[in-house]
Amino acid sequence: MADLAITDVKKSYDGKPVLHGVDIAIPDGHFVVIVGPSGCGKSTLLRMIAGLEDITSGTISIGGIEMNDIEPSDRGCAMVFQNYALYPHMTVRQNIAYPLRIAKLPQSERDSRVEQAAKILNLTDYLDRRPAQLSGGQRQRVAMGRAIVREPDVFLFDEPLSNLDALLRVQMRIEIKKLHKRLKATSIFVTHDQVEAMTLADTLIVMNAGRVEQIGSPSEIYRRPASVFVAGFMGAPAMNLLPAKADADGLVRLDGVADGIAIAQADVAKGRLLTVGIRPESIVLSTEVGSGLPATVDLVEELGGSRVAYCNFAGHEVAVVLPAGDENIEGSTIWLTLPQNAIHCFDRETGLRLARSTPNGRVLRAKNLSEAAP
Amino acid sequence: MTTEALARPMARPLRRISERSGLNTAAGHVLMVLLSIFCLFPVYWMLASSFRPANAMFETSLWPTTMSLDNYTQAVDAIPIARMLFNTLVFSALSTVFQLLTGILAAFAFARWKFPFDKLVYTAVALTWLVPFQVVMIPNYLLVAQMGLLDNIIALILPNLAAALAILLLAQAMRGFPKEVMEAARMDGARNWRILWEVLVPNLRGTIASLAILIFISTWNEYFWPLLLSRTAENSVVQIGIQMFMTAEGNQWGPLMAASTLASLPVLLIYIVLQRQVVQSFMKSGIR
Ligand SMILES: Nc1ncnc2c1ncn2[C@@H]1O[C@H](COP(=O)(O)OP(=O)(O)OP(=O)(O)O)[C@@H](O)[C@H]1O
Ligand SMILES: [Mg+2]
């Protein structure tokens, strides 16, 4: 059990910077998920924690001890690789026992730990098979077994589920969560999958281009994305991001839309360029024709439980989640209401979220507001 | 693809999967059988001739009309063939073991580490492969002579302790081995020595076995280097022994064929044993 501190960690390959100074503090026993687009440096960071990659500058400490120059096997970390990285010539039993054999544990201790891990992971029937004779999910479990027998302080997972099919992914996700509940070891989990990220994480870290964009609980990151990048990255279908401009006194005007949207006490100077974000599922379909803002439906995606309509709204493409229905609405005009408390405002230049007081929860129609404004 | 082709896809001929067409396979088999006969016939002829008595040596019947072991007794009397076979075996086995050993160690260094001038050194090793034996023959001979090792098996082995082919082949195989598996071993606490012998080598069995066959057979068949060094029959290899039946007065075909047969048997045996290992390792290797 140990906490983990990453302090101003930078990484360059041949002078080319890849990580530009990462600061993360992870309390003991937390489950942290790192998400970010491909190439943003997630694996690099994980491998630096594991000790498989040199640290260009900064420090990584585990349990209060600086680990920069410590051998990977002495850091108390176990890693689960994306392609499992099992030893092809060893049986499942030998694979799981390998770290114990190297640690020169007595045979009886080794056996009992392997048996126990096999029981937890449902591998008891496969102990004498080789990796080539296992399915993807079973191999994944062997890789986890090899990690847990070492009883590490920190678990590192680099996209461990991405080679599995959708159903197995969900199963293994739940098993990993259960395992964490049971072992309570600090865990860092890298993934591309939003659902995995949201469901597994105590703390979610969003990275972009070698920097940490935001650290927070999943709901915090979903509800209050700190930047345009996080807003667009988390959530599917992605948040609608529209160009806008600050108008008089807390009023925001979307480009190409005459009506303003009131943002409670938005403390922005008039004329400032903004990006306004609203989630497709937050947009409300007006019940009466003519109330709200008109949008033309270009395309509808059927999701079973709901539908996503991609609309042309004052020249912007906007996705809207609609309740399931059979009528064909492609090409027709729908009327949308943008609830004020669902609107996120970002500075267009810096991409950062604008500070504002908590929304008052009142749903204000854009049209009514423009009349109310001075 | 033009839009025209897209518009009428049925205009293209629909070919059957060629593996299913019996005619092609049959033709292929006939060709392969002919080629095998072409390759195996000389070997068979050697075997058959070795059992023909001297007066029937130039018979053209496929099967010897009379069989005798005279040629074998003659061959064994004329040259110390058991001793020579033993020498050849020691020479080939030690060369194989050492070439594999040095090859594995050198290849691991090339495949796993970056060090100054690593590419240059690798290229230099590769280039030594291109240097023909005739170029290094005289320097090697002088060196061995100065060391007082003429007519000595050790001298035969010395220049064969390391070879570029083994290093290149093994380095390539190691580079192809998944990096994550080695990293996993490192996380599990294995250092380089363990990673090499407990993770890499067991998984490169196929390559190592093929390489062993290659080295063993080529060493077994070596002729010039032993010819240069050996002074006495007791200290030479079997290929020199075979040559002793080819004299200025004419060739003693019978004993020559008998000696050749005896010289081929061990190679055949080793090939069969190791070949099985090779095939097996190919079947088993389901990495990932
Ligand atoms: N050995 C290396 N040499 C040079 N550059 C590297 C090396 N390894 C990674 N990089 C670069 O570092 C950056 C981050 O790579 P990294 O593998 O950490 O990305 P990632 O976030 O894990 O991406 P993915 O989601 O695709 O796995 C990439 O731009 C990559 O090109
Ligand atoms: Mg990665």
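Each chain gets a letter, A, B and so on, in the order the sequences are listed, and its residues count up from 1.
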Is there a side-chain contact (heavy atoms from CB on, under 4.5 Å) between Arg101(A) and Arg194(B) once you walk through the steps?
-> CA-CA 12 Å; Arg101(A) 209 180 92 200; Arg194(B) 257 179 194 278; 4.2 Å; yes

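- Among Ala50(A), Pro72(A), Ala78(A), the residue making the largest number of heavy-atom pairs under 4.5 Å with chain B is Pro72(A).
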When you look at Trp113(B) and Phe108(B), which way does the ring pair (Phe, Tyr, Trp, His ring centres under 6.0 Å) test go after all the steps?
-> CA-CA 8 Å; Trp113(B) 291 313; Phe108(B) 188 63; 5.5 Å; yes

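- With a threshold of 4.5 angstrom between heavy atoms, Arg47(A) approaches chain B through side-chain atoms but not through N, CA, C or O.
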Checking side-chain contact (heavy atoms from CB on, under 4.5 Å) for the pair Ile270(B)/Trp220(B): CA distance, chi angles, key distance, verdict?
-> CA-CA 11 Å; Ile270(B) 280 165; Trp220(B) 186 274; over 6 Å; no

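- Using a 4.5 Å heavy-atom threshold, the side chains of Pro131(A) and Asn95(A) count as touching.
- Of the residues considered (Met79(A), Arg150(A), Gln133(A)), Arg150(A) shows the highest number of contacts with chain B, using heavy-atom pairs under 4.5 Å.
- In this structure, no portion of Gln82(A) lies under 4.5 Å from any heavy atom of chain B.
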